[in-house]
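What follows is a single structure, written as C-alpha cells, with notes after it.
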Amino acid sequence: MAQDMTMKMIPLFIPRSHVSTAGNKTGSWRFLRPRYDEKTAPCSAACPAGEDIGRIAMLTAQGLFKEAWEAILKENPLPGVCGRVCFHPCEPACNRGEFDEAVAIHTLERFLADTAARYQLQADLERRSPRKQRVAVVGAGPSGLATAYFLTRLGYRCDVFEATPEAGGVLRWGIPSYRLPVAVLRREIEQMRRTGFEIRCNRRLSREFLQEAGATYDAVYLGCGHAKIPFLNIPGEDLEGVTDGLSFLQRVNRGDEPRLTGRVAIIGGGNTAVDVARTSLRLGAKPVLIYRRRRADMPAFPDEIQMALEEGVELLELRTVQRIDRAGEEYTLTLRQVPVVNCAAAGKACVQAVPQECERLAVSKVFRAIGLTAAESWFDPPPNENRVIRLNNSVLAYADGAPIIAYGGDVANPIKSVVHAVASAKEAAIALDITFQEGAEAIGERMKHCRVGGGSALSMEIHMQGPRCRRSDHVVAFDEINADYFELSPRIVQPRLLKEERIDSFAEIELKISANLAMREAERCFNCGLCNQCDNCRLFCPDLAVVKDADSGRHINYDYCKGCGICVVECPRNAMALEEENQTQMNTAEEGVHGRLT
Amino acid sequence: MQLNVPDRDYMHSGHVGCPGCGAAVAMKFVLRALGNKTIMVLPACCWSIIAGPYPQSTLQIPLIHSAFETGGAMASGVRAALDVKGDKETCVVTWAGDGGTFDIGFQALSGAVERNEDFIYFCYDNEAYMNTGIQRSSSTPYGAWTTTTPGRDWKRMRKKNIVEALVAHRIPYAATASIAYPEDLLRKVSKARSIKGSRFLHIFASCPTGWRIPSEISVKIARMAVQTNIFPLYEVENGRKYTINFMPKGYLVKEYFKLQGRFKHLSESDLDQIQAMVEEDWELLLRKAGVPLQG
Ligand SMILES: Cc1cc2nc3c(=O)[nH]c(=O)nc-3n(C[C@H](O)[C@H](O)[C@H](O)COP(=O)(O)OP(=O)(O)OC[C@H]3O[C@@H](n4cnc5c(N)ncnc54)[C@H](O)[C@@H]3O)c2cc1C
Ligand SMILES: Cc1ncc(C[n+]2csc(CCOP(=O)(O)OP(=O)(O)O)c2C)c(N)n1
Ligand code: SF4
Ligand code: SF4
Ligand code: SF4
Ligand SMILES: [Mg+2]
C-alpha cells in the first residue's frame, strides 16, 4: 500500500544557460569614448613655482607626508619659507573658493616642511647624471640658492658666492623672525646645499668677476637682489637719525635689539615699511606708517598690513612728506594730504599733489622704507638688444667667447617676492640646460612644454620628464568639478599668538598645526584634474568595463565600454575625458591605462 | 576616499542594456551586497533581455525567468523548494520592473508579502514599461510623456506610492534606494538580507532611452531626484518605524525636470504645481517619520 503512495518521478526539462555574455563585444556600439585624462589644477598654474598642489594635498590627505614634501621640493626648495611668507597667489585661484573657502595651501606647505624638519627627513629626489658645464651663482638669496639647487639636480656643477657672512639674502637679513625663524631658513638652505654645491660666504664679487669667470664657468647667474633704499629727494632726509629701514632690519636680524621710545615714522608702503613698523613696535616704539596712496594700493601683502594695524601700528594714508626738521632729539615731519582724483577700479588710485593744508608730525625717529633698487648698476639686466633673451622671470645675455650671464630674482622680476625668486631660478636653470644641451634657439619651443597649464609657471618635473608630463594643460574650472561629491566644510583657522603676546617679542606669530588638522584641510582639496583613486568610475560603470590594475590604477576595457560617459560625469574631479570615437583611432585596451599613483 | 562598499561584482560584461542603463547599475550594486548565495526570480522586463538570450547569462547567480505577473508567487515557490531541501542559506529574491510591480505583478506581490514569505522583492523603477517601448505605468510620474501619454496628453495622474502600499502590509522591512547613492543602497540590501520575512526595496533606476536624457547624466539625474525630494530616501521597519536617510538641500524640482526630454512640454505653471505636489508628499513623509516640519 505504502509503495503505491510514492511519487512518481517525472522528467523535468528547464533550459539552463551555461555561458556568460562576455562573447558580446558591446564596445562596437560606442560612438563616444571615455579615457583617463589628468589635467591641471588652477592653483598650480597660479603658483609662480608651479607646485603640484592638487597632488601635494592628495598625498597629505593620505598621510604620506614625506612624499607630499618631496612633491613640493621637485618644484620649490623652500616650502618652510614659502609656507610662512609667500603671499600665496595660488589660494585666490583655488576652485574650492567657489564652493565654500579656498584650501589653506600655504598652511599645508608649512606643515609638510615642519614635519620633515621634526622627523629629520631626507628627500630622495631624482638627479641627472653629471654634465661637464659649470655655473657660478652670485648672491645666496632665494633666487641664487634655488638656481644652484635646480642646476645641480640637472647635473651641473655650481659654486655660490655670497657677500655677507650667511646665506639667505632678504630671508636672512630682511624678514623679521616673528614671520620667519632663522632655524627654518637654515634647514632649507642646508637641504638645498646637500644636493651638492658650495656656498662661499663673505665673498662680495665685483664687476670684474664677469670678465674672469669665463676661465672656469660656462655661465654666471646674477641674483644680487634689491638692497638699496633710494632717497626721497626732500630736505632733511640726510639728517642723522633718519635711517634706512632695511639696514635697521638687518641690524635687528643680526641680534642687536635697540630700545625705541615714542612715536616713530616710517615712510613707505611696501613689505619693508610694514616690517620696520612691526619691528619698531616690538622694540618699544609707537610706529606711524606714512604712505602716499590708499591702504588698498600698498604694495605690502594685505595680511601683513592687517596684522600690523591689529598690533597697534598707525597708518596715515594719502600723505607725502615735504620735509624733515630736527630740534634736539625730536624730528618734525611736514606732511601734505594728497587727494584722490581718479579711482581706477583696478590698479592704483591716481593722486595729485595739489597744495593743501600742511600737517606736522613730531616723532623720535624716521625710517626711509620706499621701494628698493639694485645696489650696483651691473646687477641689473642689460637693455633689450641682440643676443639678450628676456623671459618671464629672468634675462639671459649671450656673448661670443664669454660665459652666458643670467639675471634673476628681484633684479629681473616685476613682482618682488620669494616665490618669484624661485620662479626665476627655475626658468634660468631650464633655459641654461636647454642652451647647453640643444642651443639657445631651442629655448622657446622646449620651454613651452614645461608650462603649467600653459601659463608662465614652469615645472621642473615636466622638464625632467617625470610623470607630470602626462597631464594635459587644460586648467580645470569649478564647473568641471562634480560638487555633489563634496560637503561644505570650513577652512582651517590658522592659530596665532594673541596680540598681547606678539607685540613684545620676536617669537613666531603663526603656530604649528597638528597632523590631524592638516589632513582634514588637505581632504578639502578637490584634487582638480587629478585621479585620487576614489574608484567612482569603476563603481558606476553599468558595463563593468572599468578594470582595476594590480598597482591601483585602472584602465577601460574598450571591448565592452559602450561609451555612455557615466564614468566621466561621476569622476568628482575631472580626471577623465569623453571624446567622439572618430577623433581618436580605435585603440587597444592599453590606451586607457591610467596615470597611477607613483 | 573610496566608498565603503563591497568590491566583488557578480555580473559579466557584454550584457545588452542600453548605454548608461540605470537598471544595470542597480543590479550590479544589489549583487555586490547580496553575494552569490542568491537565487533570482525575474518577471518580464528589460532585465529579461539584459540578462542575455539562452544559452548566455550575464549574472553569476542562478536566475529563473518568470511570467510578467508572477514575481511574488514564483519566489514563494522557490523559497518553499529550498526549505524542503533544508537550504536556509540561499536568499530568494525577485527582481522586477515598475510595470511588473506596481501594476501587473501587484496582486502576486501583495499576496506573497501578506503571507510574509521569506524573500526580498526588488523593484527597479524606470517609471514606464520600457522594454516594450515606453508605455506609461502607474509609476510614471505626473507630467511625463510616454508613447501612451503622447503630445498634449501627457500623464496627469500622480505616481503610485508603492512603498506606502507595502508598508500597509506591515512587512518587516521596506525602503527606497537610488543608484546615485551606492553606500545607502548597499547598506539597505545588506540589512534586508539579514532580516527574515518579506522585504521590499524600491530602487530608482534611470533610463536614458525612455527619459530622453543623454546617457552620461544617468546617475546624476537619479541623484537630482533625491536632492529635489522627488524620490526621498527612507526606510520603514515593521510598517511603523520610519527613518529618513537623506535630508534635502532645497533644490527646486524644475532643475530635475528641465534636463529630461520626457518633461520638455511642461510650462512654468505646471512645474510650480509639481513643486507643490512634491512638497506635499515630503511633508506627509516627515509627519510619518515624526520629523518636525521645517519653517
Ligand atoms: C623687508 C622685506 C620683507 C619682505 N617680505 C616678503 C614676504 O613676506 N614675502 C615675499 O614673498 N617676499 C618678501 N620680500 C621680498 C623678497 O624677500 C625678495 O623678493 C627676495 O628675497 C628676492 O630674492 P633675491 O635672491 O633676488 O635677492 P635677495 O634676497 O636680496 O638676495 C641677494 C643676495 O645677493 C647677495 N649679494 C648682493 N651683491 C653681491 C655681490 N656683489 N657678491 C656676492 N653676493 C652679493 C646679497 O648679500 C644677498 O644675500 C620682502 C623683502 C623685504 C626687503
Ligand atoms: C502578461 C504579459 N503582458 C505583457 C507582456 C509584455 N511585456 C514584457 S516586458 C513588459 C514591460 C515591462 O515593464 P516594467 O515592468 O516596467 O519593466 P521595464 O521593461 O520597464 O524594465 C511588457 C509589457 C508580457 N511579457 N506578459
Ligand atoms: S581644490 Fe585643491 S586642486 Fe583644486 S584649486 Fe583648490 S587647492 Fe588646487
Ligand atoms: S561608464 Fe563604462 S560603459 Fe560607460 S563610458 Fe565609462 S567605461 Fe564606458
Ligand atoms: S572617478 Fe575617481 S578613480 Fe576614476 S578617474 Fe576619477 S578620481 Fe580617478
Ligand atoms: Mg519600467
Side-chain angles (χ1 to χ4, degrees), chain A residues 14-32 34 58 61-62 482-485 487-488 523 525 527 531-548 552 557-573 576 578, chain B residues 1-7 9-29 31-32 50-60 62-65 179-183 186 205-206 208 213-224 226-227 249 251:
Chain A
I14 301 180
R16 201 172 131 194
S17 291
H18 49 82
V19 293
S20 86
T21 48
N24 310 333
K25 297 286 156 73
T26 52
S28 63
W29 304 9
R30 186 176 62 240
F31 56 91
L32 291 176
M58 186 195 304
Q62 294 164 355
N482 190 338
D484 286 327
Y485 286 102
E487 297 282 331
L488 295 178
E523 272 169 23
C525 173
N527 314 119
C531 173
N532 78 347
Q533 312 294 333
C534 76
D535 210 36
N536 264 12
C537 48
R538 178 168 158 270
L539 181 67
F540 286 108
C541 175
D543 291 285
L544 299 100
V546 176
V547 186
K548 217 171 182 168
S552 93
N557 185 343
Y558 292 115
D559 279 349
Y560 300 112
C561 165
K562 295 171 185 160
C564 71
I566 289 180
C567 51
V568 178
V569 172
E570 297 310 315
C571 172
R573 41 194 62 81
M576 298 188 76
L578 192 63
Chain B
M1 276 311 271
Q2 216 161 310
L3 290 185
N4 182 22
V5 294
D7 206 42
D9 281 310
Y10 295 93
M11 225 172 116
H12 294 290
S13 292
H15 67 70
V16 293
C18 300
C21 173
V25 179
M27 177 69 88
K28 175 174 151 169
F29 288 163
L31 291 185
R32 274 191 182 196
I50 301 172
Y54 177 81
Q56 292 184 335
S57 174
T58 207
L59 300 189
Q60 297 171 24
L63 159 70
I64 304 165
H65 289 276
I179 58 164
Y181 292 83
E183 251 172 332
L186 271 84
S206 39
I213 57 169
S215 57
E216 67 268 24
I217 66 165
S218 193
V219 171
K220 179 188 159 86
I221 208 83
R223 184 163 50 240
M224 289 178 82
V226 174
Q227 289 169 333
K249 295 173 179 155
Y251 294 108

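By convention in this document, chain letters (A, B, ...) are assigned in the order of the sequence lines, proteins followed by strands, and residues within each chain are numbered from 1. Heavy-atom basis, side chains included; hydrogens, waters and symmetry copies ignored.
With a threshold of 4.5 angstrom between heavy atoms, A:Cys561 does not approach chain B through any atom at all. A:Ile14 does not touch chain B: none of its heavy atoms, backbone or side chain, sits under 4.5 Å away. Interface residue A:Arg16: only backbone heavy atoms are found under 4.5 Å from chain B. Of the two parts of B:Lys220, the backbone and the side chain both hold a non-hydrogen atom closer than 4.5 Å to a non-hydrogen atom of chain A. In this structure, the portion of B:Gln227 lying under 4.5 Å from any heavy atom of chain A is its side chain and not its backbone. B:Ala51 touches chain A through its backbone: at least one of N, CA, C or O sits under 4.5 Å from a heavy atom, while the side chain does not.
Heavy-atom minimum distance, B:Gly14 versus A:Tyr560: N-CD2, 3.6 Å. Taking each heavy atom of A:Pro15 and B:Tyr54 in turn, the nearest pair found is CB-CE1, 3.8 Å. Closest approach of B:Pro19 and A:Cys564 over heavy atoms only: C-CB, 3.7 Å.
At a threshold of 4.5 Å between non-hydrogen side-chain atoms, the residues A:Ser20 and B:Thr58 do not count as touching. Contact check for B:His12 versus A:Leu544: no side-chain heavy atoms found under the 4.5 Å cut-off. B:Val16 is not listed as a side-chain neighbour of A:Thr21, based on a closest heavy-atom distance of 4.5 Å or more. Put simply, the side chain of B:Met11 does not reach to within 4.5 Å of the side chain of A:Asp543, judged on heavy atoms. The side-chain heavy atoms of A:Phe540 and B:Ile179, taken from C-beta on, include no pair separated by under 4.5 Å. Within the 4.5 Å cutoff, the side chain of B:Glu216 has no heavy atoms near those of the A:Glu570 side chain. At a threshold of 4.5 Å between non-hydrogen side-chain atoms, the residues B:Arg223 and A:Asn482 count as touching.
Put simply, of A:Lys548, A:Lys25, A:Arg538, the one with the most heavy-atom pairs under 4.5 Å next to chain B is A:Arg538. Ranked by heavy-atom pairs shorter than 4.5 Å toward chain A, the options B:Ser215, B:Ala23, B:Cys18 are led by B:Ser215. Note: A:Leu539 leads A:Leu539, A:Val568, A:Leu578, A:Asn536 in heavy-atom pairs under 4.5 Å with chain B.
To the nearest 0.5 Å, the span separating CG on B:Asp7 from CG on A:Asp535 amounts to 6.5 Å. To the nearest 0.5 Å, atom SG of residue B:Cys21 and atom CD1 of residue A:Ile566 are 8.5 Å apart. Here SG of A:Cys541 is found 9.5 Å from CG of B:Asp9. Values are rounded to the nearest 0.5 Å.
Using a 4.0 Å cut-off between charged side-chain N and carboxylate O, A:Asp484 and B:Lys249 make no salt bridge.
Side chain to side chain, B:Ser57 and A:Ser17 fail the donor-acceptor criterion of an N or O pair below 3.5 Å. Between the side chains of B:His15 and A:Asn24, no donor-acceptor pair is found at a separation under 3.5 Å.
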